[in-house]
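Below is one structure; the comments refer to it alone.
Heavy atoms only: backbone and side chains are in, while hydrogens, waters and symmetry mates are out. The residues of the chain are indexed from 1 along the displayed sequence.
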Amino acid sequence: MINDFQELTLEEIENGIRLEDNGNRYVCNICRAVFERGEIFQIGERFFDVEKAARLHVKNEHGGMLEILTSYEKKHTGLTEHQRKLLLMLADGLTDSEIATLTKTSAATVRHQRFTFREKARQAKLYLAVYELAMAGKEKTSTRPDKNEDLIEVHEGAKMVDERYMITKAEEEEIISNMFSSLVPLRLKNLSPKEKKKIVILRKIASQFEPGRKYSEKEINDILRDIYDDFATVRRYLIEYGFMDRTRDCALYWLNDDVPVSCRL
């Protein structure tokens, strides 16, 4: 879902659903469940129209969007663990004094944090409005919009998001062209120590795995061995950079969600 945020409105993020197919269906942002307009949905002993059913699905199946959004790491939300817990307590309707008792602080400290939250929200709304107006103006006035200037998406499992990910689509294509001797089948010339090149290389290699599938270590090794001789190093980097995850005993490996589709083409 993280990589979908740029394409979603604030309301769609908050509700956890979005309209697709010219408004003919609602889609859950979390699990991609589809609710076609015109259908009636039975939930328990009651029947609901499509929008209500989609909203109830998010609440019943995923626990609600507040829980989901606050579960994301600080690199995505900007929230510390303390701030996350405080917001959840505020959502539960606890008073400043009650929160202060639970967090072993003072009511004045909690009140100050509430003030900070409010001011950040106000600034964020203005920033978003300014950014969207600026981007809309850029597209409208640009006579030759160059999609190659677009930055690549940051994969959801990225452990640290910094300047290493400031890579344009054009740079990505150039790195892939230079670092791989073949794309079909995929064959890597060498594993560059430069961070930007390494990220592009790993993105491309990760695209060879199927989302949602669990792989044994042998299956991982067999796939990576055909791509690069030092497959053990590539396997380790895929884990370290968050493109893949594994069980503690290394028995099973899987692709982290939301490796950009563009990278699979």
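By the 4.0 Å N-to-carboxylate-O rule, Arg225 lies too far from Asp229 to be salt-bridged with it. Salt-bridge annotation for Glu12 and Arg18: absent, with no side-chain N of the basic residue lying under 4.0 Å from a carboxylate O of the acidic one. Ion pairing of Asp49 with Lys52 is absent here, as no side-chain N (NZ or NE/NH1/NH2) approaches a carboxylate O to less than 4.0 Å.
Applying the side chain to side chain donor-acceptor pair (under 3.5 Å) definition to pairs two or more places apart or across chains, those involving residues 230-239 are Asn221-Arg235, Asp230-Thr233, Arg236-Glu240.
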Exercise for review: Determine, step by step, whether Glu172 and Arg203 satisfy the salt bridge (charged side-chain N to carboxylate O under 4.0 Å, His left out) criterion, reporting the C-alpha distance in whole Å, the side-chain angles of both residues, the deciding distance to 0.1 Å, and the verdict.
Suggested key: CA-CA 10 Å; Glu172 179 183 43; Arg203 276 166 55 90; 2.9 Å; yes
What verdict does the side chain to side chain contact (heavy atoms under 4.5 Å, CB included) test give for Leu19 and Tyr26, after you've listed the backbone C-alpha separation in whole Å, the side-chain angles of each residue and the deciding distance to 0.1 Å?
CA-CA 5 Å; Leu19 274 173; Tyr26 282 93; 3.6 Å; yes
Stepwise side chain to side chain contact (heavy atoms under 4.5 Å, CB included) test for Arg37 and Arg25 = CA-CA 5 Å; Arg37 191 179 291 280; Arg25 64 180 184 177; 5.9 Å; no
Show your reasoning for whether side chain to side chain contact (heavy atoms under 4.5 Å, CB included) applies to Arg111 and Phe115. CA-CA 6 Å; Arg111 197 172 301 116; Phe115 173 80; over 6 Å; no
Practice problem: Evaluate salt bridge (charged side-chain N to carboxylate O under 4.0 Å, His left out) for Glu171 paired with Lys169, printing each intermediate quantity in order. | Solution: CA-CA 5 Å; Glu171 289 174 325; Lys169 296 290 182 63; over 6 Å; no
Next on the checklist: Assess the residue pair Arg187 and Phe180 against the criterion (side chain to side chain contact (heavy atoms under 4.5 Å, CB included)); give the C-alpha distance rounded to whole Å, side-chain angles, the decisive distance to 0.1 Å, and a yes or no.
Outcome noted: CA-CA 6 Å; Arg187 183 65 186 173; Phe180 290 90; 5.9 Å; no
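One hydrophobic cluster, built from ILVMFWY side chains closer than 4.5 Å, cannot hold both Trp254 and Tyr241; they sit in different ones. Under the 4.5 Å side-chain contact rule for hydrophobic residues, Phe48 and Val27 do not share a cluster. A continuous path of Ile, Leu, Val, Met, Phe, Trp and Tyr side chains, each step under 4.5 Å between heavy atoms, connects Ile239 with Tyr165, placing both in one hydrophobic cluster. Cluster membership for Leu79 and Val154, using ILVMFWY side-chain heavy atoms within less than 4.5 angstrom, is not shared.
Rounding to the nearest 0.5 angstrom, the gap separating the CD1 atom in Ile201 from the CG atom in Leu188 is 5.0 Å. Between Thr80 atom OG1 and Lys74 atom NZ the span is 6.5 Å, to the nearest 0.5 Å. To the nearest 0.5 Å, the span separating CD1 on Ile205 from CZ on Phe243 amounts to 9.5 Å. To the nearest 0.5 Å, atom CG of residue Asp222 and atom CD of residue Glu217 are 10.5 Å apart. Distance CZ/Phe35 to SG/Cys28: 7.0 Å, rounded to 0.5 Å. The CG atom of Leu202 lies 11.0 Å from the OG atom of Ser207; values are rounded to the nearest 0.5 Å.
Counting heavy atoms from C-beta on, the side chains of Asp150 and Thr168 never come closer than 4.5 Å. Looking at Asn256 and Met244, their side chains never come closer than 4.5 Å, going by heavy atoms from C-beta outward. Side-chain contact between Ser192 and Lys198: absent, with no pair of heavy atoms (C-beta onward) separated by less than 4.5 Å. When side chains are defined from C-beta on, Glu73 does not count as touching Thr77, because their heavy atoms never get closer than 4.5 Å. Looking only at side-chain heavy atoms (C-beta outward), Gln83 and Phe117 come within less than 4.5 Å of each other. Here the side chains of Glu210 and Leu255 are not in contact, with every heavy-atom distance at 4.5 Å or above. For the pair Leu183/Ile176, a side-chain contact is recorded, criterion being any heavy-atom separation below 4.5 Å from C-beta on. Put simply, the side chain of Val234 does not reach to within 4.5 Å of the side chain of Ile227, judged on heavy atoms.
More than 12 heavy atoms of other shown residues, nucleotides or ligands fall within 6.0 angstrom of atom NZ in Lys189. No more than 12 heavy-atom neighbours from other residues, nucleotides or ligands sit within 6.0 angstrom of NZ on Lys85. Environment of CD in Glu11: sparse, with no more than 12 heavy atoms of neighbouring residues, nucleotides or ligands closer than 6.0 Å. The number of heavy-atom neighbours closer than 6.0 Å to CZ of Arg213, taken from other residues, nucleotides and ligands shown, is above 12.
The distance between the ring centers of Tyr215 and Phe209 falls below 6.0 angstrom.
The backbone N or O of Leu252 lies less than 3.5 Å from a partner atom in the side chain of Thr247, making a donor-acceptor pair. Listed for the Asn24 side chain is a donor-acceptor partner under 3.5 Å among the backbone atoms of Asp21. A donor-acceptor contact shorter than 3.5 Å is absent between the side chain of Ser177 and the backbone of Glu173. Between the side chain of Lys196 and the main chain of Met166, a donor-acceptor pair closer than 3.5 Å is present. Remark: the backbone N or O of Thr105 is not paired with any side-chain donor or acceptor of Thr109 at under 3.5 angstrom.
Of all non-hydrogen atoms in Phe41 and Val50, the two that sit nearest each other are CE1-CA, 3.8 Å.
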Run the side-chain donor-acceptor check on residues 87-97: report pairs under 3.5 Å with partners two or more places apart or on a different chain.
from  : atom 1 : to     : atom 2 : distance (Å)
Thr95 : OG1    : Glu98  : N      : 3.1
Thr95 : OG1    : Glu98  : OE1    : 3.4
Asp96 : OD1    : Arg114 : NE     : 2.9
Asp96 : OD2    : Arg114 : NH2    : 2.8

Quiz: residues 57-69 side-chain donor-acceptor pairs under 3.5 angstrom, not counting sequence neighbours:
from  : atom 1 : to    : atom 2 : distance (Å)
His57 : NE2    : His62 : NE2    : 3.4
Asn60 : ND2    : Leu56 : O      : 3.3

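Side-chain contact of Tyr127 with Glu132: a donor-acceptor pair under 3.5 Å is absent, judged by distance alone.
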